Each structure stands twice: as C-alpha cells, then as structure tokens.
Amino acid sequence: MTPALLTPRLLLRPLEHEDSLALADLLNRPEVARGLCTIPKPFTALHASAMILMIRAAETRGLEFVWAVENSEGDVVGQIGLRQTHPSSAKLGYAFLPEFWGQGLGSGAVQAVLDWAARHASFITIEAEAHHDNPASLHLLEKLGFVQTGPIQRFSLAQQGQIPLMAFQKSLGDAVQLAVA
C-alpha cells in the first residue's frame, strides 16, 4: 500500500476516488499533457476514475505507488508515482499544475519519493523521462542526481505521434546501503 509522506511544504498521500476531478483537471491541461505519453486527450474524470482503480490494483501487488500531492492549503497540486518496470527498477512520473511550477514543489515531492523508495521499496534503479524542451523538468532530475542516458522517442496519446524525450536513471544502491547501515 502507498504510504502517506510528509515534507515541510507538502503532503503526499495515496490517490483516492475523490481525486478524480482534480486528476482530470491536472492531466487535461495542455501544458501538462504535451509531455505525457500515456494520457489520452481529452482526459476526463471517467478516465481518472479508471486510472485510480488500475493504480489501486497494481498497489496491492507492490507494482505501483502513486501519490496525490497536496500543498499546505490542502489543494491537490500534482501527482507523482513509481511504476515497476523490472524486478529492481521503477519509472518515476510526476505532473504538477502549471500555476505551481517554479516553486520547488516538484523537487520536494520527488526527493520525498526517492527517500521513501531507498528505505522501503525493492527498487535499486529509478528511471525517468522528460520532454526535451522542458528545462524545468530536465533541471529537476539532474539536480536530484539523475544521469542522462540518452534521447529517446515515445508515442504520445495526447499528441498522436512520436515525441522526443530525454531518458534518465538514478541508482538508489548507495542510498539503500546508507539507510540500512
């Protein structure tokens, strides 16, 4: 089960069915959707409800952990998650409402998830991707120790075509050893 995580500025909590409208609003924003590959456009509350049900099913098997990100006012300002890609690897994904970009919320949320994964998950490697012309996301990943592994192309449901992305990877091996010691 996905645990709640607390940072000085954020509460990361498991997605609930009641988050369907907020999730649909977030993922339907053109600025957000343009860099996401697996989200159709438009993305409705029904899509969000189905997505939450699928996430919950994967959580019970330990394959996925997804959090709603709330600010100090209790507003859902984003979502972040890890999805297992291999037995010891997971892919990081995140999205935040554009009006909250540039405030350090993404860095805080990603760091909280990485800290949790290093202590509690069986993941050794975390993968991530960022849109090639999203300097904020590229910078966030590099700032938190992700290493570029190269440019890639992915099919985007929202854009109905291939989009260029930069792939990243981060090893949690050192952090896991430190957490255990």
Side-chain angles (χ1 to χ4, degrees), residues 2-15 23 26-27 29 31-39 55 58-59 62-72 75-154 163-181:
T2 301
L5 306 174
L6 190 61
T7 78
R9 298 173 55 204
L10 300 170
L11 169 63
L12 283 67
R13 60 167 178 74
L15 279 173
L23 189 60
L26 168 67
L27 299 179
R29 301 277 184 108
E31 316 92 290
V32 174
R34 68 184 267 290
L36 303 175
C37 294
T38 60
I39 304 301
I55 288 168
E59 280 178 335
L63 302 176
E64 192 163 10
F65 304 92
V66 181
W67 294 265
V69 179
E70 289 185 6
N71 64 9
S72 57
D75 300 319
V76 174
V77 299
Q79 68 89 26
I80 186 168
L82 293 171
R83 175 179 293 145
Q84 183 176 352
T85 55
H86 303 288
S88 62
S89 299
K91 182 175 278 186
L92 172 72
Y94 52 86
F96 290 85
L97 290 169
E99 55 266 33
F100 294 95
W101 291 355
Q103 299 178 24
L105 300 179
S107 294
V110 171
Q111 188 61 62
V113 169
L114 292 175
D115 290 346
W116 173 82
R119 290 189 311 274
H120 300 290
S122 61
F123 307 129
I124 295 170
T125 304
I126 304 295
E127 304 161 354
E129 297 169 355
H131 201 273
H132 73 96
D133 66 353
N134 182 345
S137 195
L138 295 168
H139 176 71
L140 180 151
L141 292 170
E142 289 174 348
K143 179 173 92 172
L144 294 177
F146 283 81
V147 177
Q148 288 187 13
T149 58
I152 58 171
Q153 296 275 325
R154 293 262 190 259
I163 62 170
L165 300 169
M166 180 58 67
F168 289 84
Q169 191 173 49
K170 179 177 177 69
S171 172
L172 295 180
D174 296 335
V176 170
Q177 290 172 0
L178 291 174
V180 172

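What you see is a predicted model, and the numbers here were worked out from it, not measured in a lab.
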(message) Between Lys170 (side chain only) and Leu144 (backbone N and O only), is there a donor and an acceptor less than 3.5 Å apart?
(response) yes
(request) Report yes if the side chains of Leu172 and Thr125 come closer than 4.5 Å at any heavy-atom pair, otherwise no. (result) no
(message) Contact between Met166 and Glu142 at the side-chain level, heavy atoms closer than 4.5 Å - yes or no?
(response) no
(message) Which heavy atom of Ala112 sits nearest to which heavy atom of Thr7, and what is that distance?
(response) CB-CG2, 3.7 Å
(message) Go through it in stages, so that I can follow the logic: the residues are Gln169 and Gln148, the test is side-chain contact (heavy atoms from CB on, under 4.5 Å), and I'd like the CA-CA distance, side-chain angles, deciding distance and then a yes or no.
(response) CA-CA 7 Å; Gln169 191 173 49; Gln148 288 187 13; over 6 Å; no
Show me, pair by pair, the donor-acceptor contacts under 3.5 angstrom made by side chains of residues 87-98, not counting sequence neighbours?
unit_1 : atom_1 : unit_2 : atom_2 : d
Lys91  : NZ     : Glu129 : OE2    : 2.9
Tyr94  : OH     : Ser137 : OG     : 2.5

(request) With rounding to the nearest 0.5 Å, note down the distance linking CG in Leu26 to CZ in Phe100. (result) 11.0 Å
(request) Compare all side-chain heavy atoms of Glu127 with those of Thr85 and state whether any distance is below 4.5 angstrom. (result) yes
(request) Quick one: closest heavy-atom pair of Pro164 and His132, and the distance? (result) CG-CD2, 2.8 Å
(request) Output all residues satisfying salt bridge (charged side-chain N to carboxylate O under 4.0 Å, His left out) with Arg83, sequence neighbours left out; order by chain, then residue number. (result) Glu64
(request) For Trp101 and Ala136, indicate whether the former's side chain and the latter's backbone hold a donor-acceptor pair under 3.5 Å. (result) no
(request) Provide the closest heavy-atom pair for Ala130 versus Leu141 in the form atom of the first, atom of the second, distance. (result) CB-CD1, 4.1 Å
(request) Please report the closest heavy-atom contact between Ala109 and Leu10, naming both atoms and the distance. (result) N-CD1, 3.9 Å
(request) Mind checking the CD1-CD1 spacing from Ile124 to Ile126? Nearest 0.5 Å is all I need. (result) 10.0 Å
(request) Using a 4.5 Å cut-off on heavy atoms from C-beta on, say whether the side chain of Val77 contacts that of Leu105. (result) yes
(message) Tell me if a side-chain donor or acceptor on Gln84 pairs with a main-chain N or O of His86 at a distance below 3.5 Å.
(response) yes
(message) Nearest 0.5 angstrom please: Leu5 CG to His120 NE2, how far?
(response) 8.5 Å
(message) To the closest 0.5 Å, what do you measure between CZ (Arg13) and CG (Leu6)?
(response) 13.0 Å
(message) Run the salt bridge (charged side-chain N to carboxylate O under 4.0 Å, His left out) test against Asp133 and tell me which residues pass, sequence neighbours left out.
(response) Arg34
(request) Please lay out, stage by stage, how Leu23 and Gln79 fare under the test side-chain contact (heavy atoms from CB on, under 4.5 Å). (result) CA-CA 8 Å; Leu23 189 60; Gln79 68 89 26; 3.8 Å; yes
(message) Does any part of the side chain of Leu12, heavy atoms only, come nearer than 4.5 Å to the side chain of Val113, both counted from C-beta?
(response) yes
(request) For the residue pair Phe123 and Leu114, establish whether any side-chain heavy-atom pair is separated by less than 4.5 Å. (result) no
(message) As an exercise, state the distance from CD of Gln111 to CG of Leu140, rounded to the nearest 0.5 Å.
(response) 9.5 Å
(message) Do Ile163 and Gln153 have side chains that approach each other closer than 4.5 Å (heavy atoms only, starting at C-beta)?
(response) no
(request) Would you check if Ile80 and Val66 make a side-chain contact, meaning some heavy-atom pair closer than 4.5 Å? (result) no
(request) Drop me the distance from Trp67's CH2 to Ile55's CD1, to the nearest 0.5 angstrom. (result) 11.0 Å
